[in-house]
Peer 1: 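Below is one structure. I have some questions about it.
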Amino acid sequence: MCSSSIKNTSPIFIFGSARSGTSLLSRIINSHPRISVPFESHLYDTFYPWLKYYGDLNLSKNRERLVDDILSIECMRDWSPRPDRECVLAEISQNNFAGIVDGLIRSWSISQGKKDGGKKHQPMLSFGVRF
């Protein structure tokens, strides 16, 4: 089931240097009954440099292709439950990469019955991503 009366509020970001304890912190926060933090996905370093090849993300076929590619990478297998493609697409709030990542985390949080979602990623700032 994709939709829920549970609505994600503001995302939670965990930033830190490698080997600084961010993985442990994300697992501790994920154990909270209202907050979900999936395993590190490497989405920004894997996909952000290649976004131009997906074309205009305002077009649903391009968003769907990017979501399909995201869901097919190996590290997404660690996410339990596995994100549902249709739920991810339904939760996309903006037709850009940040909106797609938000939709992925939001749908995963909803699938767990949790209100808030977070993301752990060290090199996110190096891409100059604005939220």
Side-chain angles (χ1 to χ4, degrees):
M1 173 179 249
C2 297
S3 62
S4 172
S5 60
I6 297 171
K7 289 298 177 193
N8 189 328
T9 55
S10 298
I12 298 164
F13 296 98
I14 301 169
F15 295 103
S17 300
R19 312 288 308 151
S20 66
T22 55
S23 293
L24 175 60
L25 178 61
S26 68
R27 303 293 22 107
I28 292 169
I29 292 172
N30 188 60
S31 70
H32 189 280
R34 286 184 41 202
I35 303 170
S36 63
V37 181
F39 285 100
E40 191 168 357
S41 62
H42 304 280
L43 294 178
Y44 281 88
D45 45 342
T46 302
F47 289 98
Y48 199 77
W50 301 99
L51 285 181
K52 63 184 172 189
Y53 299 107
Y54 288 92
D56 183 0
L57 293 177
N58 286 307
L59 300 175
S60 61
K61 68 177 184 167
N62 294 343
R63 283 192 312 277
E64 290 173 9
R65 187 165 58 103
L66 178 54
V67 167
D68 289 342
D69 287 351
I70 288 171
L71 294 178
S72 72
I73 61 174
E74 185 176 341
C75 61
M76 294 303 294
R77 294 182 194 141
D78 292 334
W79 291 31
S80 181
R82 292 281 310 260
D84 178 80
R85 177 188 191 267
E86 298 307 315
C87 294
V88 172
L89 292 169
E91 290 297 324
I92 293 173
S93 58
Q94 301 174 46
N95 296 332
N96 56 34
F97 189 64
I100 290 170
V101 172
D102 178 61
L104 174 65
I105 293 172
R106 184 184 304 262
S107 67
W108 192 73
S109 298
I110 290 170
S111 73
Q112 296 187 68
K114 295 188 176 186
K115 183 177 190 280
D116 299 304
K119 178 88 177 84
K120 175 211 175 242
H121 192 71
Q122 281 96 359
M124 193 179 300
L125 291 176
S126 64
F127 290 107
V129 177
R130 296 183 66 196
F131 298 96

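Here the structure is a predicted model, which is why all the values come from computation and not from measurement.
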Peer 1: Is there a side-chain contact between Leu104 and Leu43 (heavy atoms, below 4.5 Å)?
Peer 2: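 A side-chain contact exists here, since the closest heavy-atom pair is under 4.5 Å.
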Peer 1: Any donor and acceptor pair, going by atom type alone, linking the side chain of Arg63 with main-chain N or O of Ile100 inside 3.5 Å?
Peer 2: no
Peer 1: Using the side-chain contact (heavy atoms from CB on, under 4.5 Å) definition, which of the options Ile70, Val101, Asp68, Val67 pairs with Val88?
Peer 2: Val67
Peer 1: Minimum heavy-atom separation for Trp108 to Ser36, with atom names?
Peer 2: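 Smallest heavy-atom distance, with atoms named: CZ3-CB, 3.5 Å.
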Peer 1: With a 6.0 Å cut-off on ring centres, are Tyr44 and Phe97 close enough?
Peer 2: yes
Peer 1: So which heavy atom on Ser111 is nearest to which on Pro81, and how close?
Peer 2: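 Closest approach of Ser111 to Pro81, heavy atoms only: OG-CG, 3.5 Å.
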Peer 1: Mind checking the CD-CD1 spacing from Gln112 to Ile35? Nearest 0.5 Å is all I need.
Peer 2: 12.0 Å
Peer 1: Please determine, by modelled atom types, if Ser93 and Asp102 share a side-chain donor-acceptor pair under 3.5 angstrom.
Peer 2: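 Yes, because at least one side-chain N or O of Ser93 sits under 3.5 Å from a partner of the opposite role on Asp102.
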Peer 1: Is Pro33 close to Lys114 at the side-chain level, that is, under 4.5 Å between some pair of heavy atoms?
Peer 2: no
Peer 1: Give the minimum heavy-atom separation between Trp79 and Pro83, together with the two atoms involved.
Peer 2: CE3-CG, 3.6 Å
Peer 1: Distance from Ser80 atom OG to Met76 atom CE, nearest 0.5 Å?
Peer 2: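 Between atom OG of Ser80 and atom CE of Met76 there are 11.5 Å.
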Peer 1: CD1 of Ile105 to CD of Glu91: how many Å apart, nearest 0.5 Å?
Peer 2: 12.5 Å
Peer 1: When the ring centroid of Trp50 is compared with that of Phe47, is the distance short of 6.0 Å?
Peer 2: no
Peer 1: In Å and rounded to the nearest 0.5 Å, what is the CG to OG distance from Leu71 to Ser41?
Peer 2: 10.5 Å
Peer 1: If you look at every heavy atom in Gly99 and Asn96, which pair is closest and at what distance?
Peer 2: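 The pair with the smallest heavy-atom distance is N-OD1, 2.7 Å.
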Peer 1: Please report the interatomic distance CG(Leu57) to CD(Glu64), rounded to the nearest 0.5 Å.
Peer 2: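 With rounding to 0.5 Å, CG (Leu57) is 11.5 Å from CD (Glu64).
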